[in-house]
There are 2 protein chains.
Amino acid sequence: MVETARNTRQRRAVGAILDDLDGFASAQEIHDILVRRGDKVGLSTVYRNLQYLVDAAEVDSLRGDDGEVLYRRCSAGHHHHLVCRDCGRTVEVEGPAVEKWADRVAAEHGFSDVAHTLEVFGTCSECGA
Amino acid sequence: MVETARNTRQRRAVGAILDDLDGFASAQEIHDILVRRGDKVGLSTVYRNLQYLVDAAEVDSLRGDDGEVLYRRCSAGHHHHLVCRDCGRTVEVEGPAVEKWADRVAAEHGFSDVAHTLEVFGTCSECGA
DNA sequence: TCTTTGATGAGAATCATTCCCATGAAGGTC
DNA sequence: GACCTTCATGGGAATGATTCTCATCAAAGA
Ligand SMILES: [Mn+2]
Ligand SMILES: [Mn+2]
Ligand SMILES: [Zn+2]
Ligand SMILES: [Zn+2]
């Protein structure tokens, strides 16, 4: 028998919230939504399941200004994010020119095993009214 | 009388450590160095002075993988960093193309007040041997 | 139904950072 | 130098997100 993650009520509940969300949200925000809905899920369990999903590359995470980790279900493949710092609404964006720039700069200075982090923050049109 | 920051022994000590450092270091690492040297400076004071320097744009800060904030005295003007994930050695880099890309992408989606974070991590030539 | 074992959750623990506030010491004035 | 005003310091408490512990629960298969 192949090991398989158990399909618990709590795991489904966390997944359902992520499906409904537009933008990034913190573990505690997701927990609050669950509590408000009446779904009883422990905070530890929310953290645990979010981490499972990150490890499975089903969810992207990034750190907000205040250091809180934010989560969002994203499409597969390398991309970056344009995030509204007020409402969290997020657009996935690609930047081939940026990828090339990062690799070139790293090579010029003799760096190998290169990776990069890039996020764009702003105020979305709705929040800017 | 114009308000002016007081030139304390502790402030000079923190500044001296930053002058000697090549790469990014955490507040606690800087505090440890001070203690090892025999300079008596409180941890709160290290945090406070680092924050003063960040506000004065004399020091750049970024968040490491583990969420710790790292500090480094940097040149003025907008730039990014190529950081060795082994030894911390850091190269300041500029990417005009990246700046334009970020602004354009944000504008295309109606975002205002745009800012971005971009760091490149790798293994430097010395550490890659 | 029964067994096995990963999953859950309430609270404790961790850890970086910030806050509090009594005390210290810059730096100006005479 | 003596004195004053006020910002700076530092030790410990508080904060807050996240992780850990472990007794208990419940998937999933037999
Ligand atoms: Mn990229
Ligand atoms: Mn830039
Ligand atoms: Zn918004
Ligand atoms: Zn290195």
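Here the structure is a predicted model, which means the values were calculated and not measured. The chains referred to below are lettered A, B, ... by the order of the sequence lines, with proteins before strands, and numbering in each begins at 1.
- Side chains of B:T8 and B:R11: no donor on one and acceptor on the other come within 3.5 Å.
- Of the side-chain N and O atoms in A:Y47, none sit less than 4.0 angstrom from OP1 or OP2 of D:dT19.
- Each of B:L70 and A:Y52 has a nearest nucleotide on DNA chain C; the 5'-most of these lies closest to A:Y52.
- One can place CZ of A:R63 at 13 Å from C1' of D:dG16, the figure rounded to the nearest angstrom.
- Side-chain atoms of B:Q10 lie closest to D:dG10 of the nucleotides D:dG10, C:dA16, D:dT19.
- One can place CD of B:Q51 at 17 Å from C1' of D:dT9, the figure rounded to the nearest angstrom.
- Between B:H116 and B:H80, the ring center distance clears the sub-6.0 Å criterion.
- Here D:dA17 is the nucleotide among D:dG12, C:dT17, D:dA17 with the atom lying nearest to any side-chain atom of A:Q28.
- Taking only side-chain nitrogens and oxygens, B:N49 comes nearer than 4.0 Å to OP1 or OP2 of D:dT9.
- Remark: of the listed residues B:R72, B:R73, B:R37, B:R37 is the sole one forming a salt bridge (charged side-chain N to carboxylate O under 4.0 Å, His left out) with B:D20.
- Taking atom NE2 on A:H31 and atom C1' on C:dG11, their separation rounds to 13 Å, with Å as the unit.
- A:Q28 and A:D32 share no side-chain donor-acceptor pair at under 3.5 Å.
- Between the base of C:dG6 and the side chain of A:T8 there is no donor-acceptor pair shorter than 3.5 Å.
- Between the CZ atom of A:R9 and the C1' atom of D:dA28 there is a distance of 17 Å, rounded to whole Å.
- In this structure, the nucleotide among C:dG9, D:dA28, C:dC20 sitting nearest to the side chain of A:R6 is D:dA28.
- One atom, CD of A:E29, and another, P of D:dA17, lie 10 Å apart when rounded to the nearest Å.
- For B:L43, counting side-chain heavy atoms from C-beta on, the closest listed nucleotide (D:dA17, C:dT17, D:dC20) is C:dT17.
- Interface remark: the B:R48 side chain does form a donor-acceptor pair with the D:dG10 base, using a distance-only criterion of under 3.5 Å.
- For the pair B:R12 CZ and C:dA25 P, the computed distance is 13 Å after rounding to whole Å.
- Using a 4.0 Å heavy-atom distance criterion, A:D66 is classed as making no nucleic acid contact.
- Comparing C:dA16, C:dT8, D:dC20 by their closest approach to the side chain of A:S44 singles out D:dC20.
- Taking only distance into account, the side chain of A:T45 never meets the base of C:dA7 through a donor-acceptor pair shorter than 3.5 Å.
- When the C1' atom of C:dT8 is taken as reference, atom CG of A:L50 falls 15 Å away, rounded to whole Å.
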- Show the numbers, then the answer: is there a ring pair (Phe, Tyr, Trp, His ring centres under 6.0 Å) between B:F24 and B:H81? CA-CA 10 Å; B:F24 282 86; B:H81 304 106; 4.9 Å; yes
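- At whole-Å resolution of the value, OH in A:Y71 and P in D:dA17 are 12 Å apart.
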